[in-house]
2 protein chains.
Amino acid sequence: MKLSKTSEYALRILIYMSQSPDQLYTAKQLVKELKVSDKYLRRLMTDLSKSGFIRSIQGRDGGYTFIKGPDEIMLYDIIDSVEGMDKLNGCLLGFESCSSSNPCAMHYLWMNLRTDLNKVFRETKLSDMDFNKILRY
Amino acid sequence: MKLSKTSEYALRILIYMSQSPDQLYTAKQLVKELKVSDKYLRRLMTDLSKSGFIRSIQGRDGGYTFIKGPDEIMLYDIIDSVEGMDKLNGCLLGFESCSSSNPCAMHYLWMNLRTDLNKVFRETKLSDMDFNKILRY
DNA sequence: ACTATATACTACCTCGTTGTATTATTTACT
DNA sequence: AGTAAATAATACAACGAGGTAGTATATAGT
């Protein structure tokens, strides 16, 4: 029912950047706009570039820019890359052995809910975000 | 998208106990059946009795039994008492200032999903659980 | 009163997540 | 070549959730 801070930040950053996807964003700029700590953001940006969402350009006049277009990136992909979407899809009661053939008491109830959750995150693109509503802090 | 371990355990325990709600359950018995660590379960049971779901009976021949009937306890109440349902209902992007009048880019998307989640947990009773599907471990 | 068996309470330990500090590397410009 | 401005990488600190140990307290049966 809640994402990790890392997912929060990743989404914040990429949603923010997708306002003008061709622009080169510096860490300094993102830190200022999004109020994520400098060091933490930089580390996260490295992860995001390793995951292939953005390219990092080192050196003077460097920064970060998109590789894929925001219309090619699903919210699911972002969350999956930073915290693992499968973690969120386990048994709600924490039973290792829970499955459709051996369901726990809440299995079908939870399955329906999480199917909807997954569907939305799988089908929503970064570019579907409403850019009139970019909060900063 | 996931509950805390404490919520998992609380649900496990109460769902298990609601199989025969008038029975007196000892910690030892619950530990054995549900594979939750002895000390942790005991501490959690104290919390659950303070929250008014169960009564604890100390001393020899003591144990735990329901106060309210399982048809009076909503899943929402259990989760809310052990981890605070409000924590799960915050802004998905972690913006403090996010609200309907000042929404973040994902506000309405997330609002719809979490409304469904809340609805199900608010409307589902402990006694609605399928007791043919009580997994133990 | 004593004992066995149960819960209550307090303090501590462990570990993953979050956040910070420091140093190294890369690149454009002059 | 030298400098300034940017990212990369690594190590470590702080915190909270989860889990454990040990002691105190309560109660039924004898």
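What you are looking at is a predicted structure, and each value in this text was computed from that prediction instead of being measured. Letters A, B, ... mirror the listed sequences (proteins, then strands); counts begin at 1.
Annotation: of the two residues near DNA chain C, A/Ser7 and B/Thr46, the 5′-most nearest-nucleotide partner is B/Thr46. Both B/Asp61 and A/Ser4 sit near DNA chain C, but only B/Asp61 has its closest nucleotide nearer the 5' end.
The interatomic distance linking A/Arg43 (CZ) with C/dT22 (C1') rounds to 14 Å, in whole Å. Per the geometry, CD1 belonging to A/Ile57 stands 14 Å off C1' belonging to D/dA5, to the nearest Å. In this structure, the NZ atom of B/Lys28 is 5 Å from the P atom of C/dA6, given to the nearest Å. Separating the OH atom of B/Tyr40 from the P atom of D/dG19 is a distance of 6 Å, rounded to the nearest angstrom. One atom, CG of A/Leu24, and another, P of C/dT27, lie 14 Å apart when rounded to the nearest Å. C/dA11 atom P lies 20 Å from atom CZ of B/Arg42, rounded to whole Å. B/Gln58 has its CD atom 8 Å from the C1' atom of D/dT27, to the nearest Å. Between A/Leu48 atom CG and D/dA8 atom C1' the separation is 14 Å, expressed in whole Å.
Looking at A/Ser20 and A/Tyr25, their side chains do bring a donor and an acceptor atom within 3.5 Å of each other.
Of the candidates D/dG19, C/dC9, D/dA9, D/dG19 carries the atom nearest the B/Lys5 side chain, counting heavy atoms from C-beta on. In the set D/dA5, D/dT7, D/dT20, the nucleotide with an atom closest to the side chain of A/Ala27 is D/dT7.
The closest side-chain heavy-atom distance from B/Glu8 to A/Phe95 is not below 4.5 Å. Taking the side chain as every heavy atom from C-beta outward, A/Leu11 and A/Leu126 never approach each other to under 4.5 Å. Contact check for A/Lys28 versus A/Val31: no side-chain heavy atoms found under the 4.5 Å cut-off.
Residue contacts shown for A/Lys39 include a base, since a base heavy atom lies under 4.0 Å away.
Rounded to the nearest 0.5 Å, atoms OG (B/Ser49) and CD1 (B/Ile67) are 7.5 Å apart.
When ring centroids are compared, A/Tyr9 and A/Tyr40 come within the 6.0 Å threshold.
Taking 4.0 angstrom as the limit, B/Ser56 places a side-chain polar atom (N or O) nearer than this to OP1 or OP2 of C/dA8. Residue B/Thr26 places none of its side-chain N or O atoms closer than 4.0 Å to OP1 or OP2 of C/dA6. Proximity of A/Lys87 to the phosphate of C/dT17: a side-chain N or O atom is located under 4.0 Å from OP1 or OP2. Remark: B/Tyr9 is in phosphate contact with D/dG19, judged by side-chain N or O atoms under 4.0 Å from OP1 or OP2. For B/Tyr25, no side-chain nitrogen or oxygen approaches OP1 or OP2 of C/dT7 to under 4.0 Å. Phosphate proximity of C/dT17 to A/Thr6: absent, as no side-chain N or O sits under 4.0 Å from OP1 or OP2. Listed pair B/Tyr64 / C/dA8 meets the phosphate criterion, a side-chain N or O lying under 4.0 Å from OP1 or OP2. Listed pair A/Lys2 / D/dA17 fails the phosphate criterion, with no side-chain N or O lying under 4.0 Å from OP1 or OP2.
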